[in-house]
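Chain A is the first sequence line, chain B the second, and so forth, proteins listed ahead of strands; every chain is numbered from 1.
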Number of protein chains: 2
Amino acid sequence: MSMGPKQAILAEFAGVARALGHAHRLELLEHLGQGERGVDALATRVGLSLANASQHLQQLRRAGLVANRRDGKFIYYRLADDGVTDLLTALRHQAERNLAEVDRIRRGYFADRDSFEPVSREDLLERVGAGLVTVLDVRPQDEFGQGHLPGAVNIPLDELQDRLAELDPGREVIAYCRGAYCVFAFEAVAALRAQGRKARRLVDGFPEWKAAGLPVTACRCRF
Amino acid sequence: MSMGPKQAILAEFAGVARALGHAHRLELLEHLGQGERGVDALATRVGLSLANASQHLQQLRRAGLVANRRDGKFIYYRLADDGVTDLLTALRHQAERNLAEVDRIRRGYFADRDSFEPVSREDLLERVGAGLVTVLDVRPQDEFGQGHLPGAVNIPLDELQDRLAELDPGREVIAYCRGAYCVFAFEAVAALRAQGRKARRLVDGFPEWKAAGLPVTACRCRF
DNA sequence: TTTACAATCAAGTGATCTATTGATTGAAGT
DNA sequence: ACTTCAATCAATAGATCACTTGATTGTAAA
C-alpha cells in the first residue's frame, strides 16, 4: 500500500511526535538536555532497567531526536541539536495553555512554592552584568560540570543547608536547575527565603538557556 | 501506582505528543489550519470513514489541540489556538533537520518543482505594499472563503489553466496554499513558469501566515 | 585468550492503539 | 410522533508498543 508524498512525510512527522509520546522518553530528553550521558547513568536517573532505557534511547535516535557516540566501552547519548529543546518547549507551552490537567497538577505541587514571578533570561543577563545577583545552580555536581550559566555557583540542593555561608547574604540569589518542571530550583528558593534571604527562580532551566543561544560555561575536566 | 508531580506532568505532555503521532491526525490538523470544518467535510478530504475521523478528532480534542462547537446538527471543529500551528511548525522543522528520510522524500517529490527559493513572509508583505506582485491563493474556493491573505486572488489549481487571463502577465505571481507540504503551490508555480510567467512560492502556507500574526482577510459570507 | 562489563539484541507477554461495524444520541424538518 | 441525517458511542479484531528476561556483541583490561 503506497501513499502520496504528503502522506509519507506526515507519517515521518508522526514518527517524531510518537517518539515524544512517552513520559519516560521525555524524562530521558530532559536529562540529555543537561549534557551527554551514558546509558547506565540515564537508566539509573530515570529509574528504568538498562535494557528498557536502551530501547527508549534507540527509539529517540530513530526519530532523529538524539545522537550517540562510542567512547571505549561506553556509549554516550546527547540531544541531536538545540532544536530538540525548542520542540520540547513548544510542546510544553501547548500543553500548559490548553490542558486543564496540567494546570491542576501545577497548582497543587508548584504554585505555592512560587509566589513570586520567575526571572526572565534577559533580566538575569542584565542583573549579572550589573553585578547585582548571585546565580545559583542547584543541580548535581556532574551536571553542573557538563555546562552551566557563566559565573554560576554550584550547590546541589541537598547540600544547600550546610553551605549557606558560601552565599553573600546581601545579594539576591537567582536559582535554576534542569528545566521548567525540575523541583530543585523551587525548593532552593523556598529554603533560602525561609532563611530570610532574597531569592528568586530563573524561568525554565539550563537547556532552555542554552537553546536560546545564551553563553554557557563548559568544564574542560572531562576526558 | 502513583507518581510524582513531574512524572504526572510529563505524562500529560506525552499525551499531547501522542495525539500528534499519527499521519491522519496531522492531516486533519493541516485542514483545520485553514479554518473550522464539519466532521463529514474533514473525513471526506482526508479520506477517512466518518466514525474514524470522528474518533481521531476526539483524540485531538482530549489533547487540547482542537475545540469544537455545535451549530444545529453539525459540529464544527477548529484549532484550539494559533499555538498549535507553532507546535506543528516546530515538529516539522525538527523532522526536516534530522530525518534523512524526510529529506529523501522532499528531494524526490518537491525539490525539482522548486528550483527557486520560496519568498519569505516579510518579503511578500514588502512587495505587496509596493504593488509589485500578484498574490495567488490556489486552494479550493471554500478554504479561500474562510480566510486568506489580504489582496490575494483565488484560482484553485485545477482551474488555473483556464483562468490564466485573470493574471496580469507583467507582474510576478507569488502562490501559496495550505502549508509547507501542500503540493498546490508547487504545481501552480511550475504551471505558470511553463507559460513563461514569473512565479514563485510563499514559504509555508496560510496557517503559518496567520499564526505569525500577519493580517488575514476573512469572508463574512458564512452563516 | 580469558575475563569483565557496557550496551544491544531477541523473544515473549500484557497493554494500548487503529479502523471497522452497527447501534445510539441529538437536532431539524414533516 | 416520525423521519432524516450528523455525529458519537460501543464492541471487535488486528496491529503496534512497553517492559522483562536471557543471550549476544563489542571493547578494555588481566
### Summary
Rounded to whole Å, the CG-C1' distance (B:Asp40 to C:dG26) equals 17 Å
### Nucleotide D:dA6, atom C1' - distance to CG of B:Leu42 in whole Å
13 Å
### Query
Which of these passes side chain to side chain donor-acceptor pair (under 3.5 Å) with A:Arg45: A:Glu27, A:Glu143, A:Glu30, A:His31?
A:Glu143
### Query
For the pair made of CD1 in B:Ile75 and P in D:dC5, what is the distance, rounded to whole Å?
17 Å
### Length of the line joining B:Leu57:CG and D:dT8:C1', which is rounded to integer Å
11 Å
### Query
A:Leu26 CG to D:dA18 P: how many Å, rounded?
12 Å
### Query
Within the pair A:Gln59 and D:dA18, is there a side-chain N or O less than 4.0 Å away from OP1 or OP2?
yes
#### Entry: Side-chain ion pair, A:Arg201 and A:Glu117, N-O less than 4.0 Å
no
### Message
Categorize A:Leu50 for me: base, sugar-phosphate, or nothing, with a 4.0 angstrom heavy-atom threshold over every strand shown.
### Response
base
### Task
Please state how far atom CG in B:Asn52 lies from atom P in C:dC17, giving the value in whole angstrom units.
15 Å
### Query
Looking only at side-chain N and O atoms, does A:His22 come under 4.0 Å of OP1 or OP2 in D:dC19?
yes
### Message
Below the 4.0 Å mark, does D:dT8 have OP1 or OP2 next to a side-chain nitrogen or oxygen of B:Tyr77?
### Response
yes
### Distance test, side-chain N/O of A:His56 to OP1/OP2 of D:dC17, below 4.0 Å
no
### Message
Under a 3.5 Å threshold, yes or no: a donor from one side chain and an acceptor from the other, between B:Gln94 and B:Arg97?
### Response
yes
Dump every N/O contact between nucleotides 23-30 of chain D and the protein below 3.5 Å, one line per pair.
none

Contacts under 3.5 Å, N or O only, protein and nucleotides 9-12 of chain C:
from, atom 1, to, atom 2, distance (Å)
C:dC9, OP2, A:Gln58, OE1, 2.3
C:dA10, N6, A:Gln55, OE1, 3.3

### Task
Just call it for B:Arg61: base, sugar-phosphate, or nothing, with non-hydrogen atoms closer than 4.0 Å on any strand.
nothing
### Query
Atom CZ of B:Arg25 to atom C1' of C:dT18: distance rounded to whole Å?
9 Å
### Task
Measure the acute angle between the ring planes of A:His24 and A:His56, then classify it against the limits of 30° and 60° as parallel, tilted or perpendicular.
perpendicular
#### Entry: Minimum heavy-atom distance between A:Arg25 and A:Ala19, given as atom pair plus value
NE-O, 2.7 Å
### Query
Would B:Arg139 and B:Gln34 count as having a side-chain donor-acceptor pair, cut-off 3.5 Å?
yes
### Query
Between B:Phe74 (CZ) and D:dT4 (P), how many Å, whole number?
16 Å
### Task
Starting at CZ of B:Arg92, measure out to CG of B:Leu87 and round the result to the nearest 0.5 Å.
12.0 Å
### Message
Quick one about B:Arg106 and B:Tyr181 (side-chain donor to acceptor, distance below 3.5 Å, no hydrogens or angles considered), yes or no?
### Response
yes
#### Entry: Donor-acceptor side-chain pairing of B:Asp71 and B:Tyr76 below 3.5 angstrom
no
